[in-house]
Amino acid sequence: MCGRTSCHLPRDALTRACAYRDRRGQHRLPEWRDPDKYRPSYNKSPQSDGPVLLSRLHFEKGADSSERVIAPMRWGLVPSWFKEDDPSKLQFNTSNCRSDTMMEKLSFKVPLGKGRRCVVLADGFYEWQRSQYTSHRQPYFIYFPQIKTEEKGSIDAADSPEDREKVWDNWRLLTMAGIFDCWKPPQGGDCLYSYTIITVDSCKGLNDIHHRMPAILDGEEAVSKWLDFGEVSTQEALKLIHPTDNIAFHPVSPVVNNSRNNTPECVAAVDLQAKKELKASGSSQMLQWLATKSPKKENPKTPQKAVPDVPQWSSQFLQKSPLPTKRGAAGLMERWLKQEKEEEPAAKRPHSQ
């Protein structure tokens with residue numbers, strides 16, 4: 001699946017990153033539709049507006065279907081046949097659509113049959129890896145391997161200076177296959193354009209993180225075929241929908257878990273090994289503390305001395321725990337936390353002086 005993306009480039013940079021050659025081989029930049037609706041973000045979630053590429057022919061009859069437009073659209077497809085007056089009343093999730101069932105569901109089959117194919121633009125997307133033993137989920141940022149797409153010196157001598165300005169050799173955008181639709185409110189008003197991201201089984205490299213991934217269009221030829229509904233049939237275009245192994249990823253901070261966080265920290269790589277070492281160090285310290293502070297067996301006739309710097313509930317736990325002994329700091333920690341919960345009233349009593 002795909003439930004969070006990043007698209008942080010300013011509008012002008014995003015435009016240059018989408019430079020292409022039209023059917024006649026000329027360098028072009030896509031034109032914008034409703035450009036003021038675009039908001040760069042490191043943390044885009046469903047129901048927000050995201051930039052998509054689509055053919056100009058969708059907006060202008062008789063236009064060349066190879067020419068492109070960028071339009072901000074609502075993430076989460078609202079079908080054209082939806083009868084309620086508020087799109088938020090849609091009862092099912094349409095932020096993604098599965099490639100193996102999309103031709104069975106009217107929400108996706110109808111717009112796809114009308115050629116409403118689009119390319120969702122992003123720096124990359126986020127996915128969360130579930131831990132097998134805990135409820136912790138580690139976020140990852142997933143994107144194309146980054147290499148320069150075209151050197152400025154490679155432009156043909158016949159091309160104009162304006163063409164040279166269209167060359168983009170910075171971050172390669174992730175291009176995901178999508179379907180869009182146009183919904184008109186029953187009571188009248190502006191048409192709402194919205195989209196869904198097609199998903200497929202994950203490639204081998206991503207399968208350990210999640211079993212689904214977006215259908216990624218890898219390369220200019222794939223993007224052109226998917227967008228050019230005037231020349232490429234639905235059946236032919238669907239051959240482009242499959243997993244790709246040309247992908248890179250790295251772990252990121254849990255700050256991305258909250259969609260309100262919109263900073264570069266969302267996409268910055270973190271060192272999981274360093275976090276593990278820090279956690280292990282903390283566990284070792286806990287083990288050492290428990291070993292040095294545990295009460296020793298004493299002669300029953302000898303009165304027990306008060307240990308003012310040790311919480312009373314910790315000593316009670318270590319003496320009374322009926323749980324079987326486990327090896328390692330993790331086992332001690334688990335027993336400690338479990339007993340703390342069971343003996344909470346005792347834990348809250350003040351230490352007697």
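What's counted below: heavy atoms across the whole structure, side chains too, no hydrogens, waters or symmetry copies. This chain uses plain numbering: 1 for the first residue, then up along the sequence. All values reported here derive from a predicted model rather than from experimental measurement.
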*Evaluate the criterion side-chain contact (heavy atoms from CB on, under 4.5 Å) for residue pair Trp32 and Leu14; output intermediate values, then yes/no.*
CA-CA 11 Å; Trp32 278 84; Leu14 183 66; 3.8 Å; yes
Of the non-hydrogen atoms in [X] and [Y], which two are nearest, and what is the gap between them?
{"X": "Val267", "Y": "Ser6", "result": "CG1-OG, 3.9 Å"}
{"X": "Ser202", "Y": "Pro243", "result": "C-CB, 4.4 Å"}
{"X": "Val200", "Y": "Ser99", "result": "CG1-OG, 3.5 Å"}
{"X": "Val252", "Y": "Gln138", "result": "O-NE2, 2.9 Å"}
{"X": "Gly219", "Y": "Arg172", "result": "N-NH2, 3.3 Å"}
{"X": "Lys89", "Y": "Phe82", "result": "C-CZ, 3.9 Å"}

Beyond-backbone contact of [X] with [Y], side-chain heavy atoms, under 4.5 angstrom:
{"X": "Val52", "Y": "Phe180", "result": "no"}
{"X": "Arg11", "Y": "Pro72", "result": "no"}
{"X": "Arg4", "Y": "Trp128", "result": "yes"}
{"X": "Ile216", "Y": "Asn246", "result": "no"}
{"X": "Glu84", "Y": "Leu90", "result": "no"}
{"X": "Thr199", "Y": "His210", "result": "no"}
{"X": "Glu231", "Y": "Ser66", "result": "no"}
{"X": "Arg117", "Y": "Leu112", "result": "yes"}

Tell me whether [X] contacts the main-chain N or O of [Y] through its side chain, where contact means a donor paired with an acceptor under 3.5 Å.
{"X": "Ser55", "Y": "Ser65", "result": "yes"}
{"X": "Asn43", "Y": "Asn258", "result": "yes"}
{"X": "Asp22", "Y": "Gln26", "result": "yes"}
{"X": "Glu220", "Y": "Tyr20", "result": "no"}
{"X": "Ser131", "Y": "His136", "result": "no"}
{"X": "Thr196", "Y": "Thr94", "result": "yes"}
{"X": "Ser233", "Y": "Glu236", "result": "yes"}

Cluster link [X] to [Y], ILVMFWY, side chain under 4.5 Å:
{"X": "Val232", "Y": "Met103", "answer": "no"}
{"X": "Leu272", "Y": "Val255", "answer": "no"}
{"X": "Ile209", "Y": "Phe125", "answer": "yes"}
{"X": "Phe108", "Y": "Ile241", "answer": "yes"}
{"X": "Leu57", "Y": "Leu227", "answer": "no"}

Between [X] and [Y], does at least one N-O distance fall below 4.0 Å, as a salt bridge requires?
{"X": "Lys204", "Y": "Asp245", "value": "no"}
{"X": "Asp49", "Y": "Lys37", "value": "no"}
{"X": "Glu67", "Y": "Arg28", "value": "yes"}
{"X": "Glu31", "Y": "Arg56", "value": "yes"}

_Heavy-atom count check: over 12 atoms from other residues, nucleotides or ligands less than 6.0 Å from Asp190 CG?_
no
_Can you confirm whether more than 12 heavy atoms, excluding those of Lys83, are under 6.0 Å from its NZ atom?_
no
To the nearest 0.5 Å, what is the distance between [atom1] on [X] and [atom2] on [Y]?
{"X": "Asn170", "Y": "Leu9", "atom1": "CG", "atom2": "CG", "value": "7.5 Å"}
{"X": "Phe229", "Y": "Lys114", "atom1": "CZ", "atom2": "NZ", "value": "12.0 Å"}
{"X": "Trp81", "Y": "Asp181", "atom1": "CH2", "atom2": "CG", "value": "9.5 Å"}
{"X": "Phe144", "Y": "Ile247", "atom1": "CZ", "atom2": "CD1", "value": "6.0 Å"}
{"X": "Arg23", "Y": "Ser224", "atom1": "CZ", "atom2": "OG", "value": "9.5 Å"}
{"X": "Met73", "Y": "Tyr38", "atom1": "CE", "atom2": "OH", "value": "15.0 Å"}

*After noting the C-alpha distance and the side-chain angles of Glu127 and Met213, does the key distance pass the side-chain contact (heavy atoms from CB on, under 4.5 Å) rule?*
CA-CA 9 Å; Glu127 195 53 81; Met213 68 181 294; over 6 Å; no
*asked:* side-chain contact (heavy atoms from CB on, under 4.5 Å) for Arg74 and Gln47? Distances and angles first, verdict last.
replied: CA-CA 6 Å; Arg74 179 188 187 271; Gln47 298 189 23; 3.5 Å; yes
_Verdict with reasoning, Trp183 to Ser194, per side chain to side chain donor-acceptor pair (under 3.5 Å)_ = CA-CA 8 Å; Trp183 173 76; Ser194 58; over 6 Å; no
*Would you please test Arg116 and Cys182 for side-chain contact (heavy atoms from CB on, under 4.5 Å) and show each step?*
CA-CA 9 Å; Arg116 292 180 173 175; Cys182 177; 4.2 Å; yes
*How are the rings of Tyr42 and His8 set relative to one another: parallel (under 30°), tilted (30 to 60°) or perpendicular (over 60°)?*
parallel
_Once you measure the plane-to-plane angle for Tyr195 and Trp75, does it fall in the parallel (<30°), tilted (30-60°) or perpendicular (>60°) bin?_
parallel
*Derivation of the side chain to side chain donor-acceptor pair (under 3.5 Å) call for Ser45 and Arg260*: CA-CA 9 Å; Ser45 59; Arg260 291 190 294 270; over 6 Å; no
